[in-house]
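Read through the structure below, which is laid out as structure tokens, and then see the notes.
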Amino acid sequence: MEIVETQLVPVPNDPTALRYRYRVRSSLGGGPHELICRFAAQTGAGRFNLVALIQDGAPLGEVKLFILKRWWLEDARSQARGAPILRLSPRGAYWLQQALGGLVLMGVYGLIATGFALVHGLYGRINLAFGEVAVAGGIYMLVAVSLASAAGRLGPAGLAMALVAGMSGAALLSWVIGRTVVMPILTRARSPQPVLIATLAVAIVLAEIFRLTSPFRENWLPALINRPVFIAGQDGFVATATPAQFLAAGLTLTGISLLLGLVRFTGYGRSWRAYADDPLMAALTGVRVPQLVGATFALAGGCAGLAGVAMVVAYGTITPGDGMSMTLKALISAIIGGIGSVPGALLGAALVACVEIVWSSAFDIGYRDAVIYSLLAAVLVLRPGGLFQRAALSPREF
């Protein structure tokens with residue numbers, strides 16, 4: 001018998017519940033099934049206490065639920081649990097757990113925000129399709145993983161090739177969007193609105209294509225490196241992380257570091273800063289503008305693709321609905337940091353991820369996005385140029 005996970009989503013109007021859908025395959029047949037898991041609280045340690053379970057519409061009785069928790073979940077957890085590396089109070093371990101989760105979010109938002117900064121630094125325009133480009137990178141990775149699994153056992157080499165395929169596919173998609181949508185509009189319109197509208201339309205088209213084609217592919221990464229590592233805590237609560245989460249955080253932070261080095265120390269970076277500072281003078285001094293523009297769109301798409309790949313590695317999947325949310329939060333990060341500034345975009349991403357994690361951990365998660373958008377409004381009112389008090393760092397001061 002084989003169990004294939006298909007969906008894990010919140011339950012509407014029930015902030016303490018999650019809906020888990022899966023499909024059973026066996027020689028005797030199979031079909032789709034659904035579990036609704038309800039927890040004791042939306043925040044704090046109670047979010048890990050299962051209080052009700054509904055299987056295919058039928059609630060699990062109190063006795064069966066007690067047996068499930070006492071002789072299955074607890075025993076499985078105790079067998080898998082090892083001694084934590086560090087001893088820490090339950091409250092401290094809980095906040096450490098949230099910080100570990102925030103590393104991945106910070107990297108994802110930071111990578112997409114740098115895509116906004118790279119393109120805006122050249123043309124002063126915003127590409128609202130970057131979130132869906134990130135989703136495309138994750139989907140391309142899942143497709144590559146499926147092909148590698150069909151050809152044989154998926155190993156480190158196959159996983160690495162899938163990572164490269166996701167990033168490369170996203171970079172190519174971003175380059176195509178730049179050449180066929182953004183650049184033609186820039187040559188015909190001086191206003192920024194047409195680019196916003198066109199890239200929003202591209203984002204909607206991509207999201208619908210991904211949604212319509214999702215039943216025809218595997219949408220989950222096989223559990224390869226998901227055995228938890230017990231980091232700190234004690235009997236009340238132990239902070240854990242998986243090698244997959246560490247890998248995802250490492251991928252994003254490495255990508256950010258390489259991008260900063262690329263813009264600061266390479267010929268591409270000098271050309272990008274020169275064109276952002278004075279396009280006409282850059283062209284007169286030998287900067288190859290078409291190649292620079294194409295490389296910028298591809299690099300920005302590769303960063304977004306790496307963000308999508310990191311989400312798949314950390315969480316096992318990515319869905320079309322994630323694209324617009326990532327776009328808006330990455331755009332907020334770029335604006336808070338000073339849009340057009342790569343370091344500012346990364347600083348804004350760290351702030352947005354921090355606010356999101358702290359609010360989700362201590363308060364009602366339903367108001368999380370409202371708080372983040374309120375933060376954007378406050379920054380625009382108090383510091384219209386972002387944290388650096390101007391629209392962007394001068395390219396000469398990068």
Side-chain angles (χ1 to χ4, degrees), residues 6-7 9 108-109 111-120 122-147 162 165-189 191-220 293-312 315 317-335 339 369 373:
T6 57
Q7 190 180 46
V9 295
V108 168
Y109 296 159
L111 284 168
I112 301 176
T114 56
F116 286 118
L118 286 170
V119 174
H120 191 277
L122 291 185
Y123 289 113
R125 301 294 186 267
I126 294 174
N127 182 357
L128 291 179
F130 275 130
E132 297 304 331
V133 173
V135 172
I139 290 175
Y140 295 154
M141 177 189 173
L142 290 171
V143 171
V145 166
S146 299
L147 294 176
M167 291 178 56
S168 302
L172 178 60
L173 177 61
S174 177
W175 181 83
V176 170
I177 293 172
R179 288 293 301 272
T180 61
V181 178
V182 177
M183 293 305 301
I185 293 176
L186 288 175
T187 59
R188 293 175 173 85
S191 171
Q193 282 83 3
V195 173
L196 280 174
I197 296 170
T199 54
L200 178 60
V202 171
I204 295 172
V205 169
L206 290 175
E208 287 301 301
I209 290 174
F210 296 149
R211 182 183 64 84
L212 293 172
T213 57
S214 60
F216 305 104
R217 61 174 183 270
E218 296 292 342
N219 296 308
W220 287 87
V293 172
T296 299
F297 276 105
L299 180 59
C303 290
L306 180 57
V309 164
M311 286 196 67
V312 171
Y315 306 121
T317 189
I318 193 168
T319 60
D322 296 332
M324 187 53 66
S325 175
M326 289 192 294
T327 296
L328 292 177
K329 289 177 182 177
L331 181 58
I332 290 171
S333 301
I335 293 173
I339 191 163
D369 289 350
Y373 297 137

Self-check item: Steps toward side chain to side chain contact (heavy atoms under 4.5 Å, CB included) verdict (K329, D369)
Solution: CA-CA 9 Å; K329 289 177 182 177; D369 289 350; 3.0 Å; yes

Quiz item: Rounded to the nearest 0.5 Å, what separation is found between the OG atom of S333 and the CG atom of L328?
Solution: 10.5 Å

Quiz item: Would you say Y123 and M183 make side-chain contact, with heavy atoms under 4.5 Å?
Solution: yes

Practice problem: Considering non-hydrogen atoms only, spot the tightest contact between A144 and A165 and give its length. | Solution: CB-CB, 4.0 Å

Self-check item: Closest contact, heavy atoms only, A113 versus A330
Solution: CB-O, 3.5 Å

Quiz item: Do the side chain of S174 and the main chain of A171 share a donor and acceptor less than 3.5 angstrom apart?
Solution: no

Quiz item: Does any N or O in the side chain of T114 come within less than 3.5 Å of the main-chain N or O of L111, such that one atom is a donor and the other an acceptor?
Solution: yes

Quiz item: Given the rule in the side chain to side chain contact (heavy atoms under 4.5 Å, CB included) test, do V133 and I177 qualify, once you have shown the distances and angles that lead to the verdict?
Solution: CA-CA 10 Å; V133 173; I177 293 172; 4.1 Å; yes

Exercise. Please name the residue in the list T199, V195, I204 that meets the side chain to side chain contact (heavy atoms under 4.5 Å, CB included) test with L128.
Key: T199

Quiz item: What distance separates L118 CG from N127 CG, expressed to the nearest 0.5 Å?
Solution: 11.5 Å

Exercise. Go through R125 and L186 one step at a time and tell me if the side chain to side chain contact (heavy atoms under 4.5 Å, CB included) criterion holds.
Key: CA-CA 9 Å; R125 301 294 186 267; L186 288 175; 3.6 Å; yes

Self-check item: Shortest non-hydrogen contact between F297 and W175, atoms and distance
Solution: CB-CA, 4.1 Å

Exercise. Find the distance between OG (S191) and CD1 (I197) and round it off to the nearest 0.5 Å.
Key: 8.0 Å

Quiz prompt | Test item: side-chain donor near acceptor, D322 and T319, under 3.5 Å | solution = yes

Quiz item: If you measure from CD1 on I209 to CD1 on I139, what distance do you get to the nearest 0.5 Å?
Solution: 10.0 Å

Quiz item: Is there a side-chain contact between L331 and M326 (heavy atoms, below 4.5 Å)?
Solution: no

Exercise. Kindly give the heavy-atom pair with the smallest separation between P194 and A189, and that separation in Å.
Key: CG-CB, 3.9 Å

Quiz item: Can you check whether V119 reaches F130 side chain to side chain, under 4.5 Å on heavy atoms?
Solution: yes

Quiz prompt | Closest non-hydrogen atom pair, A136 against L173 | solution = CB-CD2, 3.7 Å

Self-check item: Separation between NE2 of H120 and OG1 of T296, rounded to the nearest 0.5 Å
Solution: 14.0 Å

Self-check item: Residue pair L196 / I126, side-chain heavy-atom distance below 4.5 Å
Solution: yes

Quiz item: Do the side chains of Y140 and V309 get nearer than 4.5 Å, heavy atoms only?
Solution: no

Quiz item: Is V202 close to E132 at the side-chain level, that is, under 4.5 Å between some pair of heavy atoms?
Solution: no

Practice problem: Hey, could you give me the OH/OG1 distance between Y109 and T327, rounded to the nearest 0.5 Å? | Solution: 11.0 Å

Practice problem: Check A307 against I112 and note the closest heavy-atom contact, atom names and distance. | Solution: CB-CG1, 3.9 Å

